[in-house]
Amino acid sequence: MISRRRFLGGVAAGSAVVGAPWVVGCKKGGSSDIVLGAILGLSGENSSLGVETKEGIEMALEELNAAGGFKGRKIRVLYEDTRLDPNLASEKIQKLIDRDRVLAVIGDAASTPTLSAAAYAEKAKVPLISPSATNVEVTRNKKYVFRICFTDDKQGSAAAKFAREELKAEKAAVIYVTGNKYSEGLQSIFTRDFEKLGGKVIAKETFQAEETNVLTFLTKIKDAGPQIIFAPVYPSDVAKIGPTKLKVGMEGVPLLGTDGWDGPATRAKGVIESIEGCYFTDLFAAEGPNPRAKPFVDKYKGLHTKLPSSLVAGGYDVLKMVIDAMGRAASETSDALRDAIEATKGFQGVTGTFDIDAEHNAQKPVTVMKITGGDFKYHTQITV
Amino acid sequence: MIAWLLNALAQGCMIALIALGYTMVYGVLRLINFAHSEVLMMSGYAAFLMNDRILGGYARGGQSGVIIATLVAMVAAVALGVSIEAIAYRPLRKRARGATARIAPLVTAIGVSMFLQSVAQLAFSATPQKFDPRLAPPMPSVILVAAVVMAGLYALVHLTWIGKAMRAVAVNAEAARLMGINPSRVIVFTFAVGSALAAIGAVLYATTQASIEPTMGTAIGTLAFVAAVVGGIGSVPGAMLGGVLIGVLGELVKHTTFSGMKDAIVFILLVVVLLVRPAGLLGSARAEKV
């Protein structure tokens, strides 16, 4: 039997032991570390977008810290999961800014959550930099929101140009997801530009995000008889559309996707075979013409035994770009960092050499990938 | 046109198979078994793990692997459905009195549903899994499987002794007991049959279209539950009719320009049906004794 006093003494000693690392941790962390935040969709149906972006950020972080961090100080990134949900995104960015007092926030990988988080970044005057949110609205009229990729305006135009001029398609069909800003934005830009170039969009089908059966839509598209099907969707949708396209007997009609395709669900068994010979526009190609990408690709291949996706590359570049801007910032405040990011010129990343333009976007050529032999292969680059 | 009709009917049949589980349990117990959707989800996982991890997926098992996986899923579903009844509902049924006799099992059902979703998330992670699309059975065989199973169920309920006992318990459990029927045994049997049907529905759903994830039961289960209510909850032919109706209406909406709001439009149409026939299409409007 333990006496009450000894018991209480034990509890006190125990909590001191448990508490000790916290106290030490605070001292060690404290003001000397550079703390950045990241909001990413790390779980849910399209979690690969966030997970792969995080892999890229972690790779860059390791390299930066191994090389002495930022002026000898350690860099830390705090991650919050948004599930790509706009409500969660605005909640998590508040947490990072108000509780953790981060200097800047990276994310999200997709447009809908980024748009929702952007409103709070503007209010709190903390820079938010997305590696891959392409919807036009994301940075429009915003002072603190940036991205290191092109916009859907550019991507949709490039896709239309590729379909019209390289694939010589005259009749196109479009299939997209209702209520998804990315998908809706791209389909309207593609339609506008494809028709401007003399082509005709002869069928337009839309489905809700929860839809599991797309057979009816593809049957209708087949009846219209297009030469190409534009599908600005996410990997989970490619997994529905690809096999169904084969089932209705449209082997000869290629799909033309967008950067949202890049993910493991697109590469899954039975899916990748069904989209052989299809194309999609992307932000980065591991086997593309940029020589600076080579060491990055080799290192990633060594770690994960596969080629890095555009999301990995985006995550890698975005952290390096923010740290580069910090080196040029007049002081260590969110406002000074914002000014430095805005002034970025000729940043040499693995996704290409880019400037941040007046609209806070990065101008890069659009890469076109082709699914060949069960893998994504670099096809060409399009400048619009 | 024929392909379209087959697809619409197949959609409806899959919903109907799952709706039957809701309606049968309601028939004998007057309980809406919200955990039914989680039995569906868990049996989806059982079938997937069996097919993909043990039988080697499409490459090694081919189509026949799906049949073995379905049988495994059915056994797993029956075990889970019967355990839920034994652990969560039966103790309450013995103790509950008066007003709580209806509410307590209902709240428990919701609790079991949430519990099983969390267990699935811990055990299998939130990342969705997908059957190889090449394993998908063609639409006519989906309808054939569903039709045979439903005909079998109809025969079971109307031609066998246990079916007669189920109907007797549904009408009046006390009177059935006086006639020498053990209601507990009938209830266990009802859960077993409903769960096995859910497993077949889950495998058909997962091989033809849906991905397997901890929340898949809620998405498909909602459709099935609504199908059971529209058909007239407690009525076995009603659940079949309700399921087919939802499937066909959904496919019809896909042909309009409002395809992006499919679920909203289908549910509005069903509300109209319930306004005209409050007890559902085939439900009996007789007053219930409480």
Side-chain angles (χ1 to χ4, degrees), chain A residues 41-48 50-51 81 83 175-180 183-184 187 203-220 222-223 234-249 263-275, chain B residues 1-8 10-12 14-15 52 56-59 121 125-136 138-139 142 205-216 218-220 222-223 247-248 250-266:
Chain A
L42 296 167
S43 62
E45 193 171 36
N46 286 301
S47 58
S48 64
V51 171
D81 180 13
R83 298 182 61 87
I175 185 163
Y176 67 100
V177 183
T178 309
N180 180 307
S183 199
E184 286 179 343
Q187 76 84 12
K204 223 176 226 201
E205 296 298 332
T206 176
F207 57 94
Q208 50 188 27
E210 307 80 27
E211 186 56 65
T212 51
N213 185 329
V214 294
L215 187 71
T216 302
F217 303 117
L218 284 158
T219 312
K220 282 163 76 184
K222 191 194 175 192
D223 291 345
Y234 291 141
S236 61
D237 305 307
V238 180
K240 297 167 200 160
I241 296 172
T244 312
K245 179 175 83 88
L246 277 198
K247 204 192 273 177
V248 302
T266 307
R267 292 174 186 269
K269 280 175 289 175
V271 176
I272 191 86
E273 291 88 346
S274 74
I275 52 170
Chain B
M1 183 62 202
I2 290 169
W4 177 85
L5 197 67
L6 285 177
N7 181 40
Q11 289 296 106
M14 290 187 276
I15 297 171
D52 200 69
Y58 178 76
Q121 197 154 349
S125 93
T127 315
Q129 309 281 355
K130 221 166 157 46
F131 270 104
D132 192 317
R134 286 167 296 186
L135 290 171
M139 288 303 170
V142 172
Y205 237 108
T207 46
T208 55
Q209 43 190 294
S211 47
I212 301 160
E213 52 191 319
T215 52
M216 78 177 282
T218 340
I220 302 166
T222 309
L223 283 177
V248 173
E251 290 302 310
L252 276 176
V253 174
K254 286 186 192 173
H255 277 270
T256 68
T257 44
F258 304 109
S259 55
M261 298 185 291
K262 191 195 82 187
D263 285 351
I265 290 171
V266 170

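We name chains A, B, ... by the order of the sequence lines, and we start the count at 1 in each one.
Judged purely by atom type and a 3.5 angstrom limit, B/Lys254 uses its side chain to pair as donor or acceptor with the backbone of A/Asn213.
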Quick one: do B/Asn7 and A/Thr216 satisfy side chain to side chain contact (heavy atoms under 4.5 Å, CB included)? Show the steps, please. CA-CA 8 Å; B/Asn7 181 40; A/Thr216 302; 3.4 Å; yes
Chi angles and distances behind the side chain to side chain contact (heavy atoms under 4.5 Å, CB included) call for B/Tyr205, A/Thr212: CA-CA 9 Å; B/Tyr205 237 108; A/Thr212 51; 4.1 Å; yes
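Note: A/Lys220 leads A/Lys240, A/Lys220, A/Lys247 in heavy-atom pairs under 4.5 Å with chain B. Contact tally against chain A (heavy-atom pairs below 4.5 Å) for B/Thr257, B/Asp263, B/Thr215, B/Thr208: the top residue is B/Asp263. Of all the listed residues (B/Lys130, B/Glu213, B/Gln11), the one sharing the greatest number of non-hydrogen pairs under 4.5 Å with chain A is B/Gln11.
From A/Leu215, atom CG reaches atom CD of B/Glu251 across 7.5 Å, with rounding to the nearest 0.5 Å. Note: B/Asp132 CG to A/Glu273 CD = 7.0 Å, rounded to the nearest 0.5 Å. Annotation: the span from A/Thr206 atom OG1 to B/Lys262 atom NZ amounts to 12.5 Å, rounded to 0.5 Å. Atom-to-atom distance recorded for B/Met261:CE and A/Phe207:CZ is 16.0 Å, nearest 0.5 angstrom.
If you measure heavy-atom distances from A/Ala265 to chain B, you find no contacts under 4.5 Å at all. Only the side chain of B/Met139 comes within less than 4.5 Å of a heavy atom of chain A; its backbone N, CA, C and O stay farther away. When heavy atoms are compared at a cutoff of 4.5 Å, B/Phe131 does not approach chain A at all. Contacts between B/Ser259 and chain A at a heavy-atom distance below 4.5 Å involve backbone atoms as well as side-chain atoms.
Results of the side chain to side chain contact (heavy atoms under 4.5 Å, CB included) test with B/Pro133 over A/Val271, A/Leu246, A/Thr244 single out A/Val271 as the only residue that passes.
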